[in-house]
Structures are given as C-alpha cells and as structure tokens.
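Before any comments, here is the structure.
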Amino acid sequence: QVQLVESGGGLVQSGGSLRLSCSASGHDVSTFRMGWFRQVPGKEREFVAVISGNGVSTDYAPSVKGRFTISRDNTKNTVHLQMENLKPEDTAVYYCNVVVVGSAGIWEGGFEPWGQGTQVTVSS
C-alpha cells in the first residue's frame with residue numbers, strides 16, 4: 001500500500017513563496033503520473049498540477065499556471081510543488097497523489113487513502 005506524506009505548508013503573506021514536498025513509501029511511484037490537489041472546507045478537492053513519470057510533461061490548473069512549478073525526484077520517490085506569488089485564494093490543504101484520468105476526462109487522484117495533506121494559508 002502506498003503511503004503519501006505531504007510537508008512544507010505554512011502561513012505566508014500574499015506574494016510570498018512556499019515549497020511543498022511529497023514523500024511516497026511502500027511502492028515505487030517513478031512510473032506513475034504524480035500530482036497535487038487542494039481542498040478548502042466545504043468544497044470538493046480540486047486538481048492543481050501533474051507531472052509525468054519521467055518528469056518531462058506537466059500540466060497545471062489555469063488558476064496556478066505561471067506561478068506554480070511541479071517537479072519530482074524519482075531517486076527519492078518524492079514530488080515537489082514550488083509555489084510563487086501566492087494569493088489568498090491559494091489557501092487550502094494541499095495533497096499529493098498518483099494522478100489518473102477520471103471518467104469525466106479530468107485529472108483525479110488514483111490511490112486511497114489520501115495523505116493527511118499540508119495546510120497552506122496565505123494572508124492578504
């Protein structure tokens with residue numbers, strides 16, 4: 001069973017930066033697409049970014065494109081999300097997961113259970 005542990009969240013002012021990390025254990029995830037999702041209370045979890053297994057291809061939600069950068073280190077089974085120019089609307093709990101294409105043709109998390117996530121809070 002894959003265990004996913006997210007870290008690196010915190011409180012930052014608008015315009016600031018954070019770097020999130022995701023460590024996977026229990027399974028070699030180097031051949032899987034990996035990605036980040038986020039969720040605020042009362043709303044569904046939403047896709048943020050995805051990276052291919054070899055790290056060549058990436059995709060981002062329109063709301064974060066140009067500000068966030070996803071990367072991975074397959075030697076360490078880790079995935080990172082560099083977040084720049086953060087905005088209050090980026091405030092959420094951020095989760096990583098294997099990414100699959102869901103029935104509606106959108107990026108979805110592929111493994112259960114999800115990790116505990118890491119809280120990102122951006123103050124205005």
Side-chain angles (χ1 to χ4, degrees):
Q1 183 177 0
V2 174
Q3 285 190 318
L4 301 165
V5 179
E6 301 89 349
S7 62
L11 173 63
V12 64
Q13 288 187 333
S14 181
S17 303
L18 282 174
R19 179 177 169 85
L20 306 185
S21 296
C22 170
S23 178
S25 62
H27 193 90
D28 179 3
V29 297
S30 63
T31 60
F32 295 107
R33 289 189 200 99
M34 295 293 295
W36 290 90
F37 299 80
R38 66 188 182 186
Q39 188 173 27
V40 297
K43 293 189 176 181
E44 291 191 357
R45 191 151 33 205
E46 65 175 7
F47 164 76
V48 175
V50 61
I51 187 167
S52 60
N54 61 10
V56 172
S57 299
T58 58
D59 191 22
Y60 298 90
S63 59
V64 307
K65 199 166 188 177
R67 301 188 296 120
F68 291 10
T69 303
I70 188 171
S71 62
R72 67 190 299 162
D73 184 345
N74 285 340
T75 66
K76 298 180 179 179
N77 236 21
T78 57
V79 182
H80 303 282
L81 186 68
Q82 180 68 40
M83 306 187 294
E84 306 284 350
N85 191 21
L86 282 161
K87 303 176 181 180
E89 51 264 41
D90 295 318
T91 295
V93 178
Y94 283 71
Y95 303 87
C96 72
N97 205 333
V98 169
V99 176
V100 299
V101 180
S103 56
I106 60 174
W107 299 118
E108 296 181 351
F111 276 176
E112 294 284 350
W114 292 73
Q116 85 287 351
T118 186
Q119 175 71 49
V120 172
T121 304
V122 185
S123 63
S124 57

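Every value quoted in this text rests on a predicted model; they were computed, and no experiment measured them.
With L11 as the fixed residue, the side-chain contact (heavy atoms from CB on, under 4.5 Å) test singles out one of V120, L18, T121: T121.
Side-chain atoms of V2 and V98, non-hydrogen and from C-beta on, never get closer than 4.5 Å to each other. In this structure, L20 and M83 have side chains that are in contact, with non-hydrogen atoms separated by less than 4.5 Å. Residues V48 and Y60 have side chains not in contact (no heavy-atom distance under 4.5 Å, counting atoms from C-beta outward). V101 places a side-chain heavy atom less than 4.5 Å from the side chain of R33.
Proximity of a side-chain donor or acceptor of Q39 to a complementary backbone N or O of A92 within less than 3.5 Å is not detected. Side-chain atoms of Y95 never come within 3.5 Å of backbone atoms of L4 as a donor-acceptor pair (strictly under, hydrogens ignored). Panel note: side chain D73, backbone T78; no donor-acceptor pair is recorded below 3.5 Å.
Checked against a 6.0 Å centroid threshold, the rings of W36 and F68 do not count as neighbours.
The environment of Q3 atom CD is sparse: at most 12 non-hydrogen atoms of other residues, nucleotides or ligands sit within 6.0 angstrom.
The two residues V122 and T91 come nearest to each other via the heavy atoms N-OG1, 2.9 Å.
Note that CG of L81 and CZ of F37 are 12.0 Å apart. Values are rounded to the nearest 0.5 Å.
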